[in-house]
Novice: 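So that we are looking at the same thing, I have put the structure below in structure tokens.
Starting from 1, each residue takes its place in the sequence as its number. Order of listing sets the numbers, starting from 1, for every ligand and every atom in it.
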Amino acid sequence: MIGVSEAFAPRYATARQKFMAACEAAGIAVDSHLHPLSGPDDEVLAMDVALDGPANAERLLILTSACHGVEGHCGSGVQVFALHDDEWRAKARAQGVAVLYVHALNPYGFAYHRRVTQENVDLNRNFADFSKPLPVNEAYAELHPLLLPAEWPPSPENEAAINEWIASHGTTAYQAAVTRGQYQFDDGLFFGGKAPSWSNQTFRSVLRTKAQAATKLAWIDFHTGLGPNGIGERIFSCRDDKPAYARANAWWGTAERPVTSIYDGSSTSAFLTGLAFGAVYDECPRAEYTGIALEYGTEPVLEITQALRADHWLRLHPEAPAELAASIHGRMLAAFYTDTDAWRGQIVSQARQAMFQAVDGLAG
Ligand SMILES: [Zn+2]
């Protein structure tokens with residue numbers, strides 16, 4: 001067992017070291033899938049994979065971090081804490097559940113304080129079927145030129161135009177338009193890509209090598225940036241399938257706080273397309289799959305959107321002064337990682353509860 005705050009790190013390189021050290025202390029081998037690029041300090045970027053349990057386990061729980069890069073500070077902390085948590089490891093082992101830790105689905109975004117991959121792609125919109133016509137997000141097309149103005153900080157005219165759009169359509173419609181995912185603007189926000197990204201292909205190969213024996217498979221994918229600060233929303237992360245939703249609710253829901261869903265409007269999240277769970281259905285067709293995203297709040301949604309606009313603007317303006325660039329990176333980190341012991345404590349306790357519940361669900 002280590003202290004909660006010790007498990008977290010403000011930089012990707014440190015987070016990776018902590019993950020490797022935790023696996024070594026636990027006696028678990030790590031498979032590192034090296035990313036083609038290196039980090040801002042020339043450090044190695046990788047999707048690191050560790051299986052705690054037998055390779056042929058029929059009951060498998062997957063725990064993933066950094067689907068959205070900079071959100072990885074949260075999920076990495078949970079993974080490192082769990083690997084040092086003997087009670088947790090004994091619980092999973094006793095109930096015959098193997099646990100697959102995937103550290104940094106999107107290591108590039110994690111290291112560079114971006115939510116997206118090196119292709120400017122939102123990984124959790126990138127699991128679309130690219131052989132078919134992609135969804136068209138018309139509201140995003142309207143907003144795109146306003147979201148990425150020529151100068152940053154934006155002019156008062158630009159802010160007024162966005163506020164006017166929000167006033168006439170509502171904040172919910174604004175959030176949906178911006179975050180739902182779009183496939184038309186490769187420099188835009190929540191861009192789903194034109195092809196499977198490196199992270200998408202690498203995660204699929206992990207599923208093909210590590211998850212083929214599973215007949216019951218659960219996945220908790222850790223995210224940040226939506227909802228009240230420190231509160232973990234359990235968002236149903238499967239196809240729109242009634243038995244799977246009933247299972248997810250029986251494992252992770254309570255009467256006061258049911259598992260929320262993007263299919264019935266009960267989630268803080270908008271309805272999204274190209275979600276990563278598609279990979280499980282494609283690569284592990286034999287498994288009965290049950291999954292959630294555990295989405296922790298940090299800052300209000302309009303603050304988050306503002307941080308993301310600045311981040312995308314900066315990518316288009318590499319000539320921006322170093323001071324402005326540093327402040328935008330700092331803003332991104334703060335938007336997706338609340339750097340307090342109180343927040344980290346809330347993250348770990350809610351994650352741990354959901355992980356114990358997942359093991360009970362898989363064993364039941
Ligand atoms: Zn996320």
Novice: Check salt bridge (charged side-chain N to carboxylate O under 4.0 Å, His left out) between Lys194 and all other residues, then give those that pass, not counting sequence neighbours.
Specialist: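 Scan of Lys194 (salt bridge (charged side-chain N to carboxylate O under 4.0 Å, His left out), adjacent residues dropped) gives none.
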Novice: Report the protein N/O/S neighbours of the Zn ion (ligand 1) that fall below 2.8 Å; do not count waters.
Specialist: His68 ND1, Glu71 OE1, Glu71 OE2, His223 ND1
Novice: Under a single-linkage rule joining Ile, Leu, Val, Met, Phe, Trp and Tyr whose side-chain heavy atoms are separated by less than 4.5 Å, which residues share a cluster with Leu134?
Specialist: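 Other cluster members: Phe130, Tyr183.
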Novice: Look up atom CG in Leu217 and atom OH in Tyr281, then write down how far apart they are to the nearest 0.5 Å.
Specialist: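 Answer for the CG-OH pair, Leu217 versus Tyr281, is 10.5 Å.
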Novice: Taking the six-membered ring for Trp, are His317 and Trp152 ring centroids under 6.0 Å apart?
Specialist: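 No; Trp152 has its ring centre 6.0 Å or more from that of His317.
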Novice: Quick one: list whatever passes salt bridge (charged side-chain N to carboxylate O under 4.0 Å, His left out) with Glu288, sequence neighbours left out.
Specialist: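 With sequence neighbours excluded, Glu288 shows a salt bridge (charged side-chain N to carboxylate O under 4.0 Å, His left out) to Arg247, given in chain and number order.
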Novice: Would the number of heavy atoms belonging to other residues, nucleotides or ligands and lying under 6.0 Å from CG of Asp42 be above 12?
Specialist: no
